[in-house]
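Structure, as structure tokens:
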Amino acid sequence: MNDSTQSNKPIALVALDIAKNRHDALILLPSGKRLSMTVANSLEGYQLLLDRCQPERFQVYVAFEPTADYHRNIAYWLATHGCQCFLVSSLSSARAREMLFNTWDKNDRKDASVILYLMRQGLMLPFYDPLLADVMDIQEISNTYHQISMARTRCMNSLFNHYITLYFPEMERYFYSSRSEWFCRFLLKFPTPASITRYRCETFVKRARDVVGRKVNKEQLLKEIYAVAGQSIGLPVVLDSAAVATFKLQLTRFLELTTTRVRLEQQADAFLCSRSDYQHLRSIPGIGPIIALIILAESGDLKRFGHYRQFLAFCGFNLSAQQSGTKYGHYHLSKRGNSRLRYAFWLAATVAIKLRENAFRQKYTRYVKQNPADADLCRKARVAVAAKMARIAHAVVKQDINYIGFYEVSHGT
């Protein structure tokens, strides 16, 4: 929307309390007249709201609390029809409700009036629409990857906390990595100790050789598993029982989720490889394809943050403290920003400090130098490295350059 063409128009404020099937709207016209209405979550309801706002006469500002994804449709439709959309903080709404009504009690009509009050005080931020900003595809890949990863983790926990514990608990020691597909393929073929010991050792080694993946010494590993199976404390269930069938069903599901996750990783890299901001983020130690994907999906265009402090606040890495009179509290992370962004930079920091010779590892080492065994100090050091990584991520994207590590360059690496 071009603000210059509507700068002379009076402003009409619209406060929306978002719900799944309908929205409560409170409209404040420039004349001071208030209109309240219920907006059905349909095209007819949206059009009726727009007609009440009279966009041909007024510049329309619409504000709402983010409520799951229910606000996305009406926000996009209103934005494409000339309205400017804003977000109000849920925390601000709760505090304002207590102040205005002297109670924590809430209802939809009261929430709309609270949002309108915050709008009149200027306590709102522009709504960043992913579809209009052309980051919808990135967000959907990231969200789907997140859901697949959570489902895969739940499935893995089910395997190790229930099935493997009951039927073959000794096999858990051979699970070296969550990306080791050979482990599940092996258990699909040999789900219980009895399925192994029914063969002679040489026969078992021959039958299992193609299942265990790229092991350097397959024969030694398989002989060790055979010996372990002979001493297993697993429950002696029958191989063709329903219990073993459900075990195999979970193993198959875990493999399917693993394959889907790998396919999404490849799709994300192929989709983003032509973007300069993606390549700049990938140049930072510790940031791989998925972490870069999460950063772009949750942040959108990093250039929209004029200063790195704004980006740190968006992530929740900014410091805050309580002060009253002459008493000052300790500074700590506000954690009022995007939790998934903090998680992404935390993962990247964890990877970077384990790499050899980079500035992030240097910072971590300096931070924990006094007492490397102090778990609390190590946690604070990781947070400090994650915040530094967020600051550098904003800088490389904004300046359109790759990350240059002075420490690495000085050592010729």
**Q.** Leu249 side chain reached by Arg253 side chain, heavy atoms, under 4.5 Å
**A.** no
Q. Do Val212 and Leu222 pass the side-chain contact (heavy atoms from CB on, under 4.5 Å) test, and can you show the C-alpha distance, the side-chain angles, and the key distance before you say yes or no?
A. CA-CA 8 Å; Val212 294; Leu222 291 173; 3.5 Å; yes
Q.
With a 3.5 Å distance limit and no angle check, can you tell me whether Asp269 reaches the backbone of Glu265 through a side-chain donor-acceptor pair?
A. no
Q: Kindly assign one of parallel, tilted or perpendicular to the pair Phe204 and Tyr226, based on the angle between their ring planes and the thresholds 30° and 60°.
A: tilted
Q) Distance only, no hydrogens: is a donor on one side chain within 3.5 Å (strictly under) of an acceptor on the other, for Gln147 and Asn143? A) no
Q. Would you say Phe175 has more than 12 foreign heavy atoms packed within less than 6.0 Å of its CZ?
A. yes
Q) Can you tell me if Arg361 uses its side chain to pair, donor with acceptor, with the backbone of Leu355 under 3.5 Å? A) yes
Q. Is the closest basic N to carboxylate O distance between Arg22 and Asp24 below 4.0 Å?
A. yes
Q. Is the closest side-chain heavy-atom distance between Val14 and Val60 below 4.5 Å?
A. yes
(Q) If I compare all heavy atoms of Val114 with all of Ser93, which pair ends up nearest, and what's the gap? (A) CG1-O, 3.5 Å
**Q.** Under 3.5 Å side-chain donor-acceptor pair for Tyr46 and Asn41
**A.** yes
Q. Could you walk me through whether Phe317 and Arg391 pass the side-chain contact (heavy atoms from CB on, under 4.5 Å) check?
A. CA-CA 10 Å; Phe317 280 129; Arg391 187 170 69 248; over 6 Å; no
**Q.** Side chain Ser232, main chain Ala229, donor-acceptor under 3.5 Å
**A.** no
Q. Is any side-chain heavy atom of Trp77 closer than 4.5 Å to a side-chain heavy atom of Leu43?
A. yes
Q: Kindly indicate whether a cation-pi arrangement holds for Lys388 with Phe360, taking the cut-offs as under 6.0 Å to the six-membered ring centre and within 45° of the axis.
A: yes
Q) Are the side chain of Thr144 and the backbone of Ile141 linked by a donor-acceptor contact shorter than 3.5 Å? A) no
Q: Mind checking the CG-NE2 spacing from Leu264 to His146? Nearest 0.5 Å is all I need.
A: 13.0 Å
Q) Can Phe58 and Cys53 be said to form a side-chain contact (heavy atoms from CB on, under 4.5 Å), step by step? A) CA-CA 7 Å; Phe58 309 128; Cys53 298; over 6 Å; no
Q.
Go through it in stages, so that I can follow the logic: the residues are Phe247 and Ile164, the test is side-chain contact (heavy atoms from CB on, under 4.5 Å), and I'd like the CA-CA distance, side-chain angles, deciding distance and then a yes or no.
A. CA-CA 8 Å; Phe247 181 25; Ile164 293 178; 3.9 Å; yes
Q: Identify the heavy atoms of Asp129 and Ala75 that sit nearest to each other, and give their distance.
A: OD2-C, 4.4 Å
Q.
Does the plane of the ring in Phe186 sit parallel, tilted or perpendicular to the ring in Phe190? Use 30° and 60° as the thresholds.
A. tilted
Q. Between Tyr76 and Arg72, is a side chain to side chain donor-acceptor pair (under 3.5 Å) present by the stated rule, with each step listed?
A. CA-CA 6 Å; Tyr76 172 78; Arg72 294 275 297 273; over 6 Å; no
Q.
For Gln220, I'd like to know if atom CD has over 12 heavy atoms of other residues, nucleotides or ligands within 6.0 Å.
A. no
Q | Among Phe127, Tyr61, Tyr128, Phe64, the one residue meeting ring pair (Phe, Tyr, Trp, His ring centres under 6.0 Å) with Phe86 | A | Tyr61
**Q.** Closest non-hydrogen atom pair, Ala63 against Val88
**A.** CB-CG1, 4.2 Å
Q) Could you give the distance from CE (Met124) to CG (Leu87), rounded to the nearest 0.5 Å? A) 10.5 Å
Q. Where do Val211 and Trp182 come nearest, in terms of heavy atoms and distance?
A. O-CB, 3.4 Å
(Q) One pair to check against side chain to side chain donor-acceptor pair (under 3.5 Å): Gln250 and Ser158. What are the steps and the verdict? (A) CA-CA 8 Å; Gln250 282 291 79; Ser158 172; 3.3 Å; yes
Q) Using the benzene-type ring in the case of Trp, are the ring centres of Phe183 and Tyr176 under 6.0 Å apart? A) no
Q: Report yes if some heavy atom in the side chain of Leu49 is under 4.5 Å from a heavy atom in the side chain of Ile27; otherwise report no.
A: yes
Q) Should Leu302 and Leu296 count as side-chain neighbours, where that means a heavy-atom distance under 4.5 Å? A) yes
Q.
As an exercise, state the distance from CZ of Arg282 to CG of Leu272, rounded to the nearest 0.5 Å.
A. 10.0 Å
Q) Taking all non-hydrogen atoms of both residues, which atom of Pro191 and which atom of Ser195 are closest, and how far apart? A) N-OG, 3.4 Å
Q | Rounded distance [0.5 Å steps], CD in Gln267 versus CG in Leu293 | A | 9.5 Å
Q.
So does Ser299 get a backbone contact from the side chain of Arg304, meaning a donor-acceptor N/O pair under 3.5 Å?
A. yes
Q: Using modelled atom types only, decide if a donor and an acceptor are shared between the side chain of Thr153 and the backbone of Ser149 within a distance under 3.5 Å.
A: yes
Q: First locate atom CG of Leu377, then atom CZ of Arg382, and finally report the distance between them rounded to the nearest 0.5 Å.
A: 11.5 Å
Q. Taking Lys189 for the side chain and Arg207 for the main chain, is one N or O donor matched with an acceptor at less than 3.5 Å?
A. yes
**Q.** Side chains of Met37 and Leu48 in contact at under 4.5 Å (non-hydrogen atoms)
**A.** yes
Q | Shortest non-hydrogen contact from Met389 toward Ala352 | A | CE-CB, 3.8 Å
Q: Fit a plane to each ring of Tyr167 and Tyr163, take the angle between them on a 0 to 90° scale, and name the class: parallel (under 30°), tilted (30 to 60°) or perpendicular (over 60°).
A: tilted
(Q) For His280, is there any backbone N or O sitting under 3.5 Å from a side-chain donor or acceptor partner on Ser283? (A) yes
Q | Side chains of Val262 and Gln266 in contact at under 4.5 Å (non-hydrogen atoms) | A | yes
Q) Given Phe168, which of Ile196, Ile233, Leu235 fulfils the side chain to side chain contact (heavy atoms under 4.5 Å, CB included) condition? A) Ile196
Q | Over-ring placement of Lys398 relative to Phe305, 6.0 Å and 45° cut-offs | A | no
Q | Approximate separation, where rounding is to 0.5 Å, of Leu131 CG and Asp134 CG | A | 8.0 Å
Q) Is any side-chain heavy atom of Val396 less than 4.5 Å from a side-chain heavy atom of Ile284? A) yes
Q: Walk me through it: do Asn102 and Glu98 pass the test side chain to side chain donor-acceptor pair (under 3.5 Å)?
A: CA-CA 5 Å; Asn102 196 28; Glu98 293 177 3; over 6 Å; no
**Q.** Within 6.0 angstrom of Arg209 CZ, more than 12 heavy atoms from elsewhere
**A.** yes
Q: For the pair Glu298 (side chain) and Ile294 (backbone), establish whether a donor and an acceptor sit closer than 3.5 Å, ignoring hydrogens and angles.
A: no
Q. Hey, is CD on Glu56 packed in by over 12 heavy atoms from elsewhere, all under 6.0 Å?
A. yes
(Q) Quick one: does any side-chain atom of Lys9 pair with a main-chain N or O of Pro55 as donor and acceptor, under 3.5 Å? (A) yes
(Q) My understanding is that only one of Arg52, Glu44, His23 makes a side chain to side chain contact (heavy atoms under 4.5 Å, CB included) with Val39; could you say which? (A) His23
Q) If you measure from the Lys or Arg side-chain nitrogens to the Asp or Glu carboxylate oxygens, is any gap between Asp277 and Arg275 under 4.0 Å? A) yes
